[in-house]
S.K.: 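One structure follows; several queries about it will come next.
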Amino acid sequence: MRRNCLANLADQSPAILPSMLLCDFGRLADEIDRLKDAGTQVLHLDVMDGVFVPNFTYGMTIVDAVRRLTDMVIDVHLMMVNPEKYIQQFYAAGSDIITIHAEAVEDARPVLDRIKELGAGAGIAINPPTPVSAIAESLPHADMALVMSVNAGFGGQKFDDAVLEKLTEIRALPGGSEILLEMDGGINPETIKKCTDAGAQLLVAGSAVFKQDDYGAAIKSMLGRVNA
Ligand code: DX5
Ligand code: ZN
């Protein structure tokens, strides 16, 4: 799959990407089966290092475990310092898309180029306080831009409307017209339509999926709002 999954994703958008942060890791295979049955095509994995963000999750061993359980696209969101040191290992573990934070590197361009050289899709993320200008030069090197709608670090936070205009700003920049637009944080049936109306194609959802008993119904209810 790897980098050539991106064209398919653009065609299938809007798509809901469950964030595995809130899944039951003691029943990982069941969780993945349930998500597959719910129509999921892409899983979002949040890697946090306790330094870039004040929270700690998991690393490449979990990416590898998920990879062995499914052929769904694996979208890895690296919330860590020095991501360049670990890109190769995250790729080897089975990541299809690898996203780094603009705030975590001095120059994102060589890191994005390296991700693409390896064969994965390359994403560049910005937290709510970071302006789009911070990624302007990186966009031509990226396949995807991730606009965070909460500060990276925790699930269950409130959606920040102020970030919506960033999607239009990105589209207007060199390299921005072709890029996949992903949004992450606080996405639920009440907030999803403003994201898609603003141009978001990939919508990450943690609480809105995993806090519901029926994942399929949760995803359907969000997509239903988009088309309403
Ligand atoms: C936050 C993570 C998100 C998060 C989304 O730092 O990047 O992917 O898990 O969770 P919700 O949908 O609950 O905001
Ligand atoms: Zn995320």
Side-chain angles (χ1 to χ4, degrees), residues 9 14-25 28 31 35 38 40 42-60 62-63 66 72-81 83 86 90 95-104 115 120-130 135 142-164 166 180-196 200-213 215 217-219 221-223 225-226:
L9 289 183
I16 308 277
L17 281 55
S19 156
M20 302 302 281
L21 194 57
L22 298 176
C23 85
D24 180 351
F25 280 100
L28 185 57
E31 293 280 56
L35 293 168
T40 301
V42 187
L43 299 173
H44 181 88
L45 268 64
D46 288 301
V47 174
M48 305 189 193
D49 67 350
V51 179
F52 180 67
V53 287
N55 196 9
F56 200 100
T57 55
Y58 45 74
M60 49 290 269
I62 294 289
V63 176
V66 172
M72 280 187 261
V73 175
I74 299 181
D75 174 37
V76 174
H77 177 189
L78 296 181
M79 286 161 273
M80 63 190 297
V81 296
Y86 302 97
F90 278 104
S95 313
D96 294 300
I97 305 171
I98 300 176
T99 295
I100 59 165
H101 264 265
E103 304 87 354
I115 295 170
I124 182 77
I126 43 172
N127 271 321
T130 306
I135 56 167
D143 297 302
M144 184 175 86
L146 166 52
V147 174
M148 292 300 297
S149 32
V150 301
N151 270 312
F154 299 91
Q157 302 182 75
K158 190 176 173 296
F159 186 88
D160 180 353
D161 287 286
V163 306
L164 288 166
K166 289 183 177 179
L180 265 176
L181 292 177
E182 180 174 63
M183 197 159 246
D184 182 3
I187 296 176
N188 58 42
E190 276 64 56
T191 56
I192 191 164
K193 189 163 163 52
K194 22 190 182 187
C195 305
T196 52
Q201 295 162 292
L202 307 180
L203 298 311
V204 177
S207 322
V209 173
F210 289 102
K211 296 246 164 102
Q212 307 296 316
D213 292 333
Y215 299 163
I219 290 170
S221 120
M222 280 190 272
L223 290 176
R225 299 293 184 102
V226 171

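Worth knowing before you read on, the calculation uses all heavy atoms, side chains too, and leaves out hydrogens, waters and symmetry mates. All ligand and atom numbering here is 1-based and tracks the order in the structure.
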S.K.: Which of these, Glu103, Met148, His101, sits in a side-chain contact (heavy atoms from CB on, under 4.5 Å) with Thr130?
M.R.: Glu103

S.K.: Within the 4.0 Å heavy-atom shell around Gly155, which atoms of ligand 1 are there?
M.R.: 10 (O), 13 (O)

S.K.: Under a 3.5 Å threshold, yes or no: a donor from one side chain and an acceptor from the other, between Ser149 and Asp160?
M.R.: no

S.K.: Which of the numbered atoms in ligand 1 are under 4.0 angstrom from any heavy atom belonging to Gly156?
M.R.: 11 (P), 13 (O), 14 (O)

S.K.: For Met148, is at least one N or O under 3.5 Å away from an N or O on ligand 1?
M.R.: no

S.K.: Which atoms of ligand 1 are found less than 4.0 Å from any heavy atom of Met48?
M.R.: 6 (O)

S.K.: N/O to N/O below 3.5 Å, does that happen between Gly206 and ligand 1?
M.R.: yes

S.K.: Hey, does Ile97 have a side-chain heavy atom less than 4.5 Å from the side chain of Leu9?
M.R.: yes

S.K.: Only N/O/S atoms count here: what is the atom of His77 closest to the Zn ion (ligand 2) called?
M.R.: ND1

S.K.: Just say parallel, tilted or perpendicular for the rings of Phe210 and Tyr215, cut-offs at 30° and 60°.
M.R.: perpendicular

S.K.: Does Tyr58 have more than 12 heavy atoms from other residues, nucleotides or ligands lying within 6.0 Å of its OH?
M.R.: yes

S.K.: Output the list of atoms in ligand 1 that are nearer than 4.0 Å to some heavy atom of Met79, sorted by atom number.
M.R.: 6 (O), 7 (O)

S.K.: Would you say Gly186 and ligand 1 have an N/O pair spaced under 3.5 Å apart?
M.R.: yes

S.K.: Any non-hydrogen side-chain atom of Asp184 less than 4.5 Å from a side-chain atom of Ser19?
M.R.: no

S.K.: Below the 3.5 angstrom mark, is there an N/O of Asp184, backbone or side chain, next to an N/O of ligand 1?
M.R.: yes

S.K.: Would Gly185 count as a contact of ligand 1 if the rule is a heavy atom under 4.0 Å away?
M.R.: yes

S.K.: Please report the shortest heavy-atom distance between Ala208 and Ala218, naming the atom on each side.
M.R.: O-CB, 3.4 Å

S.K.: With rounding to 10 degrees, what does the angle Asp184:OD2 / the Zn ion (ligand 2) / His44:NE2 come to?
M.R.: 100°

S.K.: Would you mind listing which atoms of ligand 1 come within a distance below 4.0 Å of any non-hydrogen atom of Ala205?
M.R.: 12 (O)

S.K.: Within a distance under 4.0 Å of any heavy atom of Ser19, pick out the atoms of ligand 1 and give their elements.
M.R.: 4 (C), 8 (O), 9 (O)

S.K.: Name the closest protein heavy atom to atom 1 (C) of ligand 1, giving the residue it belongs to and the distance to 0.1 Å.
M.R.: Phe154 O, 3.6 Å

S.K.: N/O of Gly153 under 3.5 Å from N/O of ligand 1, yes or no?
M.R.: yes

S.K.: Under 4.5 Å between any side-chain heavy atoms of Thr196 and Met183, yes or no?
M.R.: no

S.K.: With the Zn ion (ligand 2) as the reference point, give the N/O/S atom of Asp46 that is nearest.
M.R.: OD1

S.K.: So is Asn151 polar-close to ligand 1, meaning N/O to N/O under 3.5 Å?
M.R.: no

S.K.: Are His77 and Asp75 close enough that a side-chain donor and a side-chain acceptor fall under 3.5 Å?
M.R.: no

S.K.: Check each atom of ligand 1 against the heavy atoms of Leu21 and keep those under 4.0 Å away; list them by number with element.
M.R.: 9 (O)

S.K.: Report yes if some heavy atom in the side chain of Pro128 is under 4.5 Å from a heavy atom in the side chain of Val150; otherwise report no.
M.R.: no

S.K.: Which value, rounded to the nearest 0.5 Å, describes the distance between Thr191 atom OG1 and Met222 atom CE?
M.R.: 8.5 Å

S.K.: Please report the shortest heavy-atom distance between Met48 and Asn55, naming the atom on each side.
M.R.: CB-O, 3.3 Å

S.K.: Do me a favour and list the nearest non-hydrogen protein atom to atom 2 (C) of ligand 1 with residue, atom name and distance?
M.R.: Asp46 OD1, 3.5 Å

S.K.: What atoms in ligand 1 come closer than 4.0 Å to a heavy atom of Ser207?
M.R.: 11 (P), 12 (O), 13 (O)

